[in-house]
Number of protein chains: 2
Amino acid sequence: MSEAATGERRQRADKQRNRTHILEVAERFFAEQGITGSMDAIAKRAGIGPGTLYRHFPNREALLAALLQARDEELEARREAIRGEVTDSRAALAQWLRALGEWVTAFDGLPEPLRAALTGDTSPLALTCQSLITTTEEFLQAAQRDGGAKPWVRGRDLFLSTLATAWASGAVLADASSLDALDSLVRTGWETPEAGDA
Amino acid sequence: MSEAATGERRQRADKQRNRTHILEVAERFFAEQGITGSMDAIAKRAGIGPGTLYRHFPNREALLAALLQARDEELEARREAIRGEVTDSRAALAQWLRALGEWVTAFDGLPEPLRAALTGDTSPLALTCQSLITTTEEFLQAAQRDGGAKPWVRGRDLFLSTLATAWASGAVLADASSLDALDSLVRTGWETPEAGDA
DNA sequence: AGACGATACGGAGATGGTCTCCGCATTGTC
DNA sequence: GACAATGCGGAGACCATCTCCGTATCGTCT
């Protein structure tokens, strides 16, 4: 009864094996085809039946949430790196937002369910979003204390902006300069003017 | 051969009747349910078969494009009103962007296909987008001539920002202040600082 | 090792959506 | 009133999501 401590029976070995295998396959699949690809196709590629896929992850969102949780750790590492290396709080916020932007562009179409998670609150993605907003809030507050960011801006708004920019960037494949333009548009929005700015 | 001038045969009366009827029904439907609602449901509500719907509009985008073309006229009227009434070019641009933002929120989910039309270029919505970008460009250039907008901003980027803001605003039902926050974030991006600003 | 209960798997199929095809009805003309 | 030409309707092909249950596999207990 060693598993009594966790209150749950230990799960079967094949189940665990299947779960990690599904995640590996889904990660490649989403990276290649975007997150709207057919679920049954993922099951087929993983060599399992649709029933098995859906027992592990009851819908696309749940699968996505599990995938992102793994990627979350990379982002946390990035956060710690920025905290350790970047002393200027304004630059730190900028770098964090950049990291966030890259993270959210990992899979094509990812911004959509993340935005939905902000309203739906019942989504398994909601937790991930919340933690990202919190981190953004921390960087933002530090920058605001040092006068590097405008005091009325909120972390949630910056997160939404990042999401929106990533969403829009799906349209600028042929025109990468638009992405930079949007980024700097937003950045001008939260940053305080440098001394000597027009 | 009075129709030879246009190069086409005059279409049957019932066809024309059906077309306008479909448009009326679809407009209400999209306004109520958002643009992702079932096409067959629209046909049913219009009292016609799906085949008829698809013969008039081969897909959702085509239907949307026809709908927006009608709404386009309202927006053009708005544009002329701004041109006539607002003398300050900076304020004119701001008002135009506001009108654009409202226009694009008329149907829930509209930003998505509009963004897609910017890349796909084969979309029937591409023309509409292009004309909106052109108008934005005109207001922007006027503002830039008068020193009211930063010279490096492009009309296309402002249009994308408006789209992105409208997209994000789907997430802020419970929190309307976020929408204002995003708007002002973007506005700070393109506007030149007023004299005496921080 | 063997047998038994619990657990997980697989895939057939229910449901719902997009879009097509073709026999039939409606229209406009002579 | 008859005859092309044109448009209509809806059955159904196709694809996606997600469920259900008979069957296979696993872990355990003797």
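Each chain gets a letter, A, B and so on, in the order the sequences are listed, and its residues count up from 1. All heavy atoms count here, side chains included; hydrogens, waters and symmetry mates do not.
- Between A/Arg154 and A/Asp157, at least one side-chain N (NZ, or NE/NH1/NH2) sits under 4.0 Å from a carboxylate O, which counts as a salt bridge.
- Cation-pi contact between B/Arg71 and B/Phe107: present, with separation from the ring centre below 6.0 Å and deviation from the ring axis of at most 45°.
- Taking atom CG of A/Leu53 as the reference point, atom P of D/dC20 lies 16 Å away to the nearest angstrom.
- Distance A/Leu64 CG to D/dT17 C1': 16 Å, rounded to the nearest Å.
- For the pair A/Glu61 CD and D/dT17 P, the computed distance is 14 Å after rounding to whole Å.
- Rounding to the nearest 0.5 Å gives a distance of 7.5 Å between CG of A/Asp180 and OG of A/Ser184.
- When the C1' atoms of four end pairs are superposed on the next four at each end of the helix from C/dA1-D/dT30 to C/dC30-D/dG1, using five pairs per end, the two resulting axes differ in direction by 10°, to 10°.
- A/Arg156 and A/Glu137 are not joined by a salt bridge, as no carboxylate oxygen comes within less than 4.0 angstrom of a charged side-chain nitrogen.
- A salt bridge between A/Arg90 and A/Glu191 is present, with a side-chain N of the basic residue lying under 4.0 Å from a carboxylate O of the acidic one.
- At the heavy-atom level, A/Arg55 lies under 4.0 Å from base atoms of the strands shown.
- Here the C1' atom of nucleotide D/dT17 and the CZ atom of A/Phe57 are 17 Å apart, to the nearest Å.
- Spacing between atom CD of A/Gln16 and atom P of C/dC9 amounts to 11 Å, rounded to whole angstrom units.
- Contact check, B/His56 against D/dC8: a side-chain N or O comes under 4.0 Å of OP1 or OP2.
- For the pair A/Tyr54 OH and D/dC21 C1', the interatomic distance rounds to 18 Å; values are reported in whole Å.
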Show which side-chain atoms of residues 33-44 of chain B pair as donor or acceptor with protein atoms under 3.5 Å away, not counting sequence neighbours.
residue	atom	partner	partner atom	Å
B/Ser38	OG	B/Asp40	N	3.3
B/Ser38	OG	B/Ala41	N	3.1

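- B/Arg78 has its side chain within reach of B/Glu102: a pair of non-hydrogen atoms, C-beta onward, lies under 4.5 Å apart.
- Only B/Ile48, B/Gly49, B/Pro50, listed by number, bring a heavy atom of residues 26-50 of chain B to less than 4.0 angstrom from any atom of DNA chain D.
- Exactly one of A/Arg145, A/Arg79, A/Arg83 qualifies for a salt bridge (Lys or Arg N to Asp or Glu O under 4.0 Å) with A/Glu138. That residue is A/Arg83.
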Going by atom type alone, with no hydrogens or angles, which donor-acceptor pairs under 3.5 Å involve a side-chain atom of residues 51-59 of chain B and a protein atom two or more places apart or on another chain?
residue	atom	partner	partner atom	Å
B/Asn59	OD1	B/Glu61	N	3.2
B/Asn59	OD1	B/Ala62	N	2.9

Could you give the side-chain donor-acceptor pairs of residues 93-101 of chain B under 3.5 Å, partners two or more places apart or in another chain?
residue	atom	partner	partner atom	Å
B/Trp96	NE1	B/Thr136	OG1	3.0

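- A donor-acceptor pair is defined here as one N or O able to donate and one able to accept, closer than 3.5 Å; such a pair exists between the side chain of B/Gln144 and the backbone of B/Lys150.
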In B/S/- notation (B base, S sugar-phosphate only, - none; protein heavy atoms under 4.0 Å), nucleotides 25-30 of chain C written 5' to 3' is -BSS--

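- OP1 or OP2 of D/dG9 has at least one side-chain nitrogen or oxygen of B/Thr52 nearer than 4.0 Å.
- For B/Ile22 and D/dG9, the CD1 to C1' distance is 12 Å, given to the nearest whole Å.
- Dashed line: the shortest gap from a side-chain N or O of A/Asn18 to OP1 or OP2 of C/dA8 is not under 4.0 Å.
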